[in-house]
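Some notes on the structure that comes next.
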Amino acid sequence: IDKADRCDKYRWHDLRKDPTDLPPIGETVAVAYEPKGIYSNAKHQEYDVTYYDGNFFTNLIYERVLAWKEIESFEGEEDG
């Protein structure tokens, strides 16, 4: 993968600008979201890693997801 493709692959997909720009179903992605509850009146963002099931970002069903981006599994060195 060249640098330009890599930058495009891992860019933030802003759902405020294009709500139809969703990740593929079954993908685990990083997300930026506005939490509900005590922060509901504040401009506050949090980040998480979650799974997109085609309808919801699991564990963030009640949050407003602002953006998502692809991630890859960490493949670290084995202890030895």
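- In terms of the salt bridge (charged side-chain N to carboxylate O under 4.0 Å, His left out) criterion, residue partners of Asp14 (sequence neighbours excluded) are, by chain and number, Arg16.
- Across Pro35 and Glu46, no two heavy atoms sit closer than the pair CG-OE2, 3.8 Å.
- The hydrophobic side chain of Leu66 is isolated, with no ILVMFWY side chain under 4.5 Å apart from it.
- Contact check for Asp48 versus Asn59: side-chain heavy atoms found under the 4.5 Å cut-off.
- Tyr52 meets the side chain to side chain donor-acceptor pair (under 3.5 Å) test with no other residue; sequence neighbours excluded.
- Once rounded to the nearest 0.5 Å, the distance linking CD of Glu70 with OG1 of Thr28 reads 11.0 Å.
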Donor-acceptor pairs are to be reported for all side-chain atoms of residues 17-27 against protein atoms at under 3.5 Å, with residues two or more places apart or in another chain.
{"unit_1": "Asp18", "atom_1": "OD1", "unit_2": "Thr20", "atom_2": "N", "d": "3.1"}
{"unit_1": "Asp18", "atom_1": "OD1", "unit_2": "Thr20", "atom_2": "OG1", "d": "2.6"}
{"unit_1": "Asp21", "atom_1": "OD1", "unit_2": "His13", "atom_2": "ND1", "d": "3.3"}
{"unit_1": "Asp21", "atom_1": "OD2", "unit_2": "His13", "atom_2": "ND1", "d": "2.9"}

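- Here Trp12 sits in one hydrophobic cluster together with Tyr47; the rule is ILVMFWY side chains under 4.5 Å apart, joined directly or through other members.
- Remark: Asp53 pairs with Tyr51, Asn55, Phe56, Thr58 by the side-chain contact (heavy atoms from CB on, under 4.5 Å) rule, at least two apart or across chains.
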Derivation and outcome, side-chain hydrogen bond (donor to acceptor under 3.5 Å, both in side chains), residues Gln45 and Tyr33 | CA-CA 5 Å; Gln45 291 180 12; Tyr33 67 96; over 6 Å; no
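- Side-chain contacts under 4.5 Å among hydrophobic residues (ILVMFWY), followed directly or transitively, place Val49 together with Ile71.
- Heavy-atom minimum distance, Lys69 versus Arg11: CB-O, 3.2 Å.
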